Amino acid sequence: MKNILIAIALSLTSVCSFAQIKTDTASKSIVDTLKKDLFTAPDTVQHLHSKALSLIPPAALVGYGAASFYLKPLRRVDRYVYHEAAQHNFVFKKHFEDYFQYAPPVLVYGLNLVGVHGKNTFVDRTLIYVMAQGMLGASLYTFKHATHRTRPDGSDRYSFPSGHTANAFAGAEFMAQELGGNSVYYSVVGYALATTTGVFRIYHQDHWLSDVIAGAGFGILATKGAYLLYPYIRNALFKSKEAEKADDIKKHSNLMHSALLLPSYQNGALGLSFSASF
């Protein structure tokens, strides 16, 4: 396990270096970027839709965590991983995961400043992230207080699910949604940081393996759910320019259909008669 985790850390370093090179080559004027991103309102958000089927994998992760309360083999796996982590602990004593959990969303906004544009503008992506965090916070609070699982170090009874891991994977999915279309390496970096956060939570004896797995599921579900729901809310509150144009065309068409110009003959004289209904 130690060798695997070291390999993850090394791959993360190399991926981050490659992503930095890509960022440098794609950088643009910061002023132009800010103008485009902060002051341009999108006309439509149809492209934000997240597929409902994509919710199944993170839901399965949550299901694994929930099953650990009832299936003894899963609890034995938790204890095995705990003992292995205690015997082969290689992580720093300082809790760097406190910072890793926020790294993906910070990278999204930072990369945008240097010219790497994502799928959405500042306003839309910020509202999506806030929505995801709201749903995530509510679910974490509910399950932590409902399950009362004791942490491995015995400090309290709010072990399930892992909040740090959930927050990190919510940010990783946010980064994948926004920048994954530019390069798959952005998604890899985000999820590598999130995975590192979960690993550190186990090695610092803050969470069981099942807590971390469930936390990852909760985080991904929250962000995917926000991308799934936001277009409906956004389009219901703010009509897009395309919709406004369609309404104008429809009104003009109705006006044309309600106006009539016909020839007339009265008292031996030819003329035209015009009628319109409003």
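The basis for the numbers below is simple: all heavy atoms, side chains too, and nothing from hydrogens, waters or symmetry mates. Computed from a predicted model, the values in this text were never measured in an experiment.
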Derivation of the side-chain contact (heavy atoms from CB on, under 4.5 Å) call for His207 and Phe160: CA-CA 8 Å; His207 288 286; Phe160 182 88; over 6 Å; no
Glu178-Tyr186 side chain donor-acceptor pair, cut-off 3.5 Å: no
Cluster overlap Leu127 with Val106, hydrophobic side-chain contacts below 4.5 Å: no
His204 side-chain N/O to Phe200 backbone N/O, donor-acceptor pair under 3.5 Å: yes
Min side-chain heavy-atom separation Met131-Ile233 under 4.5 Å: yes
Within-4.5 Å side-chain heavy-atom neighbours: Phe174 and Pro104: no
Test item: Leu55 and Leu228 side chains (from C-beta on) under 4.5 Å apart, heavy atoms: yes
Lys119 side-chain N/O to Gly181 backbone N/O, donor-acceptor pair under 3.5 Å: no
Main-chain N/O of Leu193 paired to Thr197 side chain as donor or acceptor, under 3.5 Å: yes
Verdict with reasoning, Leu74 to Asp78, per side-chain contact (heavy atoms from CB on, under 4.5 Å): CA-CA 6 Å; Leu74 298 185; Asp78 280 345; 5.8 Å; no
Parallel, tilted or perpendicular: ring planes of Tyr191 versus Phe169, cut at 30 and 60 degrees: perpendicular
Parallel, tilted or perpendicular: ring planes of His148 versus Tyr158, cut at 30 and 60 degrees: tilted
Steps toward side-chain contact (heavy atoms from CB on, under 4.5 Å) verdict (Val199, Ile202): CA-CA 5 Å; Val199 169; Ile202 294 174; 5.9 Å; no
Residue pair Gln133, Asn167: steps toward the side-chain contact (heavy atoms from CB on, under 4.5 Å) verdict: CA-CA 8 Å; Gln133 286 295 306; Asn167 197 39; 3.1 Å; yes
Distance-only polar pair, side chains of Glu97 and Gln101, donor-acceptor under 3.5 Å: no
Cationic tip of Arg149 above Phe69 ring, under 6.0 Å, 45° of axis: yes
Side chain proximity check, His95 to Asp206, heavy atoms < 4.5 angstrom: yes
Check: Thr223 side chain, Ile220 main-chain N or O, donor-acceptor pair, under 3.5 Å: no
Asp211 side chain to Ser159 side chain, donor-acceptor N/O pair below 3.5 angstrom: yes
Exercise: do Gln177 and Asn120 side chains pair donor with acceptor under 3.5 Å: no
In one Ile/Leu/Val/Met/Phe/Trp/Tyr side-chain cluster, 4.5 Å: Leu140, Trp208: no
Donor + acceptor pair across side chains of Tyr109, Thr126 (<3.5 Å): yes
ILVMFWY cluster, Tyr102 and Met175 together (side-chain gap under 4.5 Å): no
